[in-house]
Amino acid sequence: MTRIERRAFSLALDSPLSTAAGEIDRREGIAIRVGDDPRGVGEATPLPGWTESFEGCRTALSGVSESDPRAALADLDGRPATRHGLSLAIADREARRAGVPLYRHLGGKRRVERLAVNATVGDGSIEETVEAATNAIAEGFETIKCKIGSRPLDEDLERVRAVYDAVSDVALRLDANGAWDRREADRALDALANLDVEYVEQPLPADDVAGHRALAGGPVPIALDETLADRSPDGIDSLVDAADVLVLKPMALGGPDRTLDIGRRMQDEGLGIVITTTIDAVIARTGAIHVAAALDVERACGLATADLLEEDIGTDPATVRDGKIAVPQAAGLGTDGPWGGGDA
Ligand SMILES: [Mg+2]
């Protein structure tokens, strides 16, 4: 028998987060611990529009057999957050038993001490946007992700142009969150072609795969994010010619193991990979760091999201400094979450 413990949590967000399914102001999930000596920890933090619901997680987790938790993974298709929590806990336990950091257990070939992370600049006036970008650069970030798509296109293009003029030696990526139609996307990409943009993320709605296919491989690289929600691994393989970069969220893809499989296949196909959290608590954030380290991702990842939460379920082992996040080198994940004692 393998003991399985569960602890539900609800964490206030620092400011409301707009998701594919509306605004939320809290992140609710379930921390999981499996086994005895060593134990492994995982986290299921569902995100509306991307995964099953919190209730769906709770029900699925209560049905996991203590006689063989690993076998339960096969029954969790369609429940990516639940599968993520269980898969991460099992992998953490195995890595602790092997005495290696999780990313090495997941197949990481070399020691990775720090990973580049992006700063996110939200929607705002031109002045606010430029100020947020220059503040991030002063903190040492070398990649800025600027949210666009909430304003008329010309206003957004002005904001981007102002940031481009105000900064140098940084990678500037834009996230439109699917806001444009094809005509607007064409016009935007024409205007952005001489601004040396790293990529535009999700210019078109999530279901417009054909539209993205027509844009990918052009002068401005295209990244897909929302289009990956609710897709099986095979469904993601079919996106290979519809993007230049894929944004992979372990929580939405069903866990570290699945994210690694997809990431490695896409890297072999020549696509760029970016790993991001889904604004999770410390266990899942740290898990995403290990996935990025195992894939040896070079592009800045969306992992510096701890500050978006007002509180957390445990001590954070991954500090951000000079635009880089520390990869924990202790055996396993590097945090015990709510079971760690030194809770924040
Ligand atoms: Mg995005």
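Atoms within a ligand are numbered from 1 in the order they appear, just like the ligands themselves.
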Margin query: Before you tell me yes or no, could you show the steps for Arg231 and Leu239 under side chain to side chain contact (heavy atoms under 4.5 Å, CB included), namely the whole-Å CA-CA distance, both residues' side-chain angles and the distance that decides it to 0.1 Å?
Written below: CA-CA 10 Å; Arg231 254 168 220 273; Leu239 300 175; 3.8 Å; yes
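No side-chain donor-acceptor contact under 3.5 Å links Gln202 and Asp175.
For Arg70 and Glu94, the salt-bridge test passes: some basic side-chain N is under 4.0 Å from an acidic carboxylate O.
The hydrophobic cluster containing Val245, built from Ile/Leu/Val/Met/Phe/Trp/Tyr side-chain heavy atoms closer than 4.5 Å, also comprises Tyr199, Val274. If you chain together ILVMFWY residues whose side-chain heavy atoms come under 4.5 Å of each other, Ile30 ends up grouped with Ile4, Ile32, Val34, Phe54, Leu61, Val64, Leu73, Leu76, Leu86, Ile90.
Taking a cut-off of 2.8 Å, the protein N, O or S atoms nearer than that to the Mg ion (ligand 1) are Asp175 OD2, Glu201 OE2, Asp225 OD2.
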For residues 303-310, dump all side-chain donor-acceptor pairs below 3.5 Å to protein atoms at least two apart in sequence or in another chain.
| unit_1 | atom_1 | unit_2 | atom_2 | d |
| --- | --- | --- | --- | --- |
| Thr305 | OG1 | Thr277 | OG1 | 2.9 |

